[in-house]
Amino acid sequence: MKIDYAKELNEEQYRCVIAGDGPIYVLAGAGSGKTRVLTYRTAWLIENGIPPNRIMLLTFTNRAAREMLTRVETLTGLNLRNLWGGTFHHIGNLVLRRMGKSIGLSPDYMIIDESDANSLLNECKTACRIPQERKFPKAKVLKEVISSSISSLQDIPTTLSARFPYLLEFTPDIERIEKEYRKRKRKQNLMDFDDLLYYWQQVLCDGNPIYNFNHILVDEYQDTNLLQAEITDRMAEQVRNIMVVGDDAQSIYSFRGADYKNIRDFPLRYPDTKIYKLETNYRSTPQILHFANQIIERSDARFKKRLIPVRSNGGTPTVVAVRDPYEQARFVVYKVQELAGQGVPYKDIGILYRAHYQSAELEIQLYKSNIPYIIRSGARFFERAHIKDILSYLRVIVNPRDSVSFKRLLKLEEGIGDITAEKIYDRISSVRSPVHKFLSTEPEVAEKAVPGIKNAQKILSSIIKLSPSEAIKFIFESGYKEYLRLTYPDVDERKEDISVLIEIAREYRSLTRFLSEITLSEPATGEDTYFIQRGNDSVVLSTIHRAKGIEWDTVFLIYACDGGLPISRSYESIEQYEEERRLFYVAVTRAKRELYITYPMRSSRAKAYLSASPFLKELDEDAYKMMWL
DNA sequence: AGTCCTACTGTTTTT
DNA sequence: CAGTAGGACT
């Protein structure tokens with residue numbers, strides 16, 4: 001099947017798609033069809049004889065990659081399983097499993113998520129014996145310091161003083177802890193998210209010929225960090241066919257090391273780059289676009305774009321001042337019902353907010369009104385406590401040196417707390433396979449810890465030979481069911497989660513694959529568990545960050561008050577405050593036809609008065625109409 | 001010395 | 001809601 005590119009794309013999109021070789025730089029405004037450009041470009045490359053396994057498509061989320069690849073498959077009519085498409089972390093993992101050996105990594109490393117990385121850091125903190133009387137910043141801050149030091153490829157003290165001046169007095173300690181952290185990760189064969197990028201870059205520095213890709217395409221380039229830019233630059237070093245697509249006005253991930261300099265300086269790094277702009281907005285009505293443009297005009301966005309609407313006129317965006325968060329929830333639900341009455345499907349309605357906790361009142365209200373909704377924020381399925389408990393057994397089987405998981409599973413037993421768990425691990429940590437030693441010895445512990453130890457030993461030795469799903473079933477039946485009942489009030493939901501976990505595990509034969517895939521991706525199956533759903537037609541609740549790249553017919557942005565968006569913390573620096581502005585911009589540009597922005601005049605807990613977001617106050621009066629409730 | 005219960009607090013954003 | 005500090009209990 002031949003694709004008629006000129007017909008299916010507009011002129012500016014078409015030019016990007018058929019642009020020849022060499023570096024290509026696409027500045028794509030919100031709603032201008034950058035996903036379309038990337039998918040058609042990929043299809044075009046394949047049609048022009050580039051082998052799919054020589055194309056790498058780097059996206060920001062797994063969802064985006066999945067969607068694009070499916071689309072390309074439909075366009076070309078080919079099965080593209082061998083095309084390298086996914087997130088940086090996902091592809092980094094694939095690369096390291098195969099090539100990690102060249103830089104001395106063992107190929108069976110385990111990936112740990114943020115919270116396990118934090119636990120490990122805490123271990124290091126204790127191990128380094130930082131004097132108690134020193135008030136030491138939390139592990140979370142530490143983790144941030146460490147990842148920023150890796151991301152910026154600079155030495156720690158410099159980064160520290162630049163980003164966290166108040167931590168300077170701790171620098172020697174932090175260096176010690178960081179050393180210990182790296183040492184432990186190596187010893188326990190663990191990798192955190194940053195490592196996947198860091199070692200990928202190391203592999204590339206090693207100059208491996210397998211990574212000469214013919215074409216590299218990068219989505220959301222404004223949200224890449226220095227390490228990611230380094231990786232793509234390295235990969236494109238020889239063929240120089242690199243296409244980056246992004247929008248500096250939508251850069252909202254600097255907290256994770258994203259650096260707008262990547263997108264700003266791309267033309268400097270590649271002087272022969274072809275620059276294209278996508279300035280036609282297909283998504284929103286002129287009114288919504290006018291509103292969005294006014295927000296971003298006052299920012300320090302580096303590239304001036306003027307988005308031209310093509311849609312016909314719609315309603316003016318509405319700003320609604322409500323008494324308090326309850327009133328806010330009631331207003332949104334009332335409007336949702338009204339829209340539903342007019343025949344708008346629930347799935348065309350998105351409700352956005354800055355932080356997870358801001359969804360609470362709304363959830364209650366939606367639930368009460370029996371409106372189906374999906375919630376795309378909050379603890380992810382695999383990060384929920386009971387899921388992690390179960391998985392800790394599996395992790396230990398695959399990686400007997402994993403101290404965090406090992407201690408976690410011990411502490412589930414009655415009579416074993418932090419200290420006993422620590423002691424047990426301490427005594428066996430020196431051998432190559434601590435867990436096997438644990439299974440074969442009788443640990444000397446207090447009387448009341450003995451039954452717990454016995455039970456842990458029984459479970460571990462039994463599941464060794466089981467498949468992932470059988471193992472989970474076994475763990476659940478051997479005491480965990482009981483533990484759940486005694487620990488949590490919402491047992492049934494958690495049990496339900498575990499049966500979902502069993503279902504997901506059924507798809508896998510290999511434990512290693514199962515575990516690494518679920519730490520890297522939010523699973524398609526797991527999503528369904530923690531929301532009320534009716535068919536596929538549900539209102540979507542999401543943080544603004546997670547709403548990136550998605551659109552809805554009607555969007556509600558809630559908590560648009562001073563302290564809500566911008567969130568209070570952002571007043572710490574001008575950079576953070578400006579990022580809040582871009583966040584606001586991202587939120588409103590999700591809307592196609594209708595936009596409601598609400599803010600409570602009082603908070604729910606304290607009786608403090610709240611005022612409208614400063615970003616709203618800056619706007620011309622004709623940009624929106626005001627409602628008071 | 002260690003476990004476990006209760007009360008309290010304060011919430012950014014994510015691969 | 002989850003992480004933790006303090007205190008009672010073994």
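This one's a predicted model, so the numbers in the text were calculated from it and none came from an experiment. Chain identifiers are assigned alphabetically (A, B, ...) following the order of the sequence lines, protein sequences preceding nucleic acid strands; residue numbering begins at 1 within each chain.
- The closest donor-acceptor contact from the side chain of A/E482 to the backbone of A/G479 lies at 3.5 Å or more, if one exists at all.
- When heavy atoms are screened at a 4.0 angstrom cut-off, A/Q576 is found touching base atoms of the nucleic acid.
- What separates CG of A/D113 from C1' of B/dT14 is a distance of 12 Å, to the nearest Å.
- As a whole-Å value, the separation of A/F255 CZ from B/dT11 P is 17 Å.
- In this structure, A/K388 places its NZ atom 10 Å from P of C/dG3, rounding to the nearest Å.
- Each of A/R569 and A/I416 was assigned the nucleotide of DNA chain B with the nearest heavy atom; the assignment lying further toward the 5' end belongs to A/I416.
- The distance between atom CG of A/D418 and atom C1' of B/dA1, rounded to the nearest whole Å, is 13 Å.
- Here B/dT14 presents its C1' atom at 14 Å from CG of A/D192, a figure rounded to the nearest Å.
- The OH atom of A/Y353 sits 12 Å away from the C1' atom of B/dT13 (whole-angstrom rounding).
- In terms of modelled atom types and a separation under 3.5 Å, the side chain of A/Q358 and the main chain of A/A355 share a donor-acceptor contact.
- Side-chain N/O atoms of A/R354 include none lying less than 4.0 angstrom from OP1 or OP2 on B/dT13.
- Look at A/T543 and you'll find a side-chain N or O under 4.0 angstrom from OP1 or OP2 of B/dT14.
- In this structure, A/L197 places its CG atom 18 Å from P of B/dT14, rounding to the nearest Å.
- Nearest to the side-chain atoms of A/K423 among the listed nucleotides B/dT13, B/dT11, B/dA1 stands B/dA1.
- Annotation: cation-pi geometry not satisfied between A/R569 and A/Y577 (NZ/CZ under 6.0 angstrom from ring centroid, within 45° of ring axis).
- Rounded to whole angstrom, the span from the CG atom of A/L410 across to the P atom of B/dC4 amounts to 13 Å.
- At a cut-off of 3.5 Å, with distance as the only test, no side-chain donor of A/Q250 or A/Y585 sits close to an acceptor on the other residue.
- Residue A/F60 is classed as a sugar-phosphate contact, given heavy-atom separations below 4.0 Å to backbone atoms only.
- Residue A/R546 has a polar side-chain atom (N or O) positioned under 4.0 Å from OP1 or OP2 of B/dT14.
- Scored by the ring pair (Phe, Tyr, Trp, His ring centres under 6.0 Å) test, A/Y480 finds A/Y483 as partners (sequence neighbours excluded).
- Within the 4.0 Å cut-off from OP1 or OP2 of B/dT13, at least one side-chain nitrogen or oxygen of A/H356 is found.
- Listed nucleotides B/dT14, B/dG2, B/dT11 differ in distance to A/I419; the shortest reach to its side chain belongs to B/dG2.
- Looking at which nucleotide of DNA chain B each of A/E414 and A/E579 is closest to, the 5′-most match is held by A/E414.
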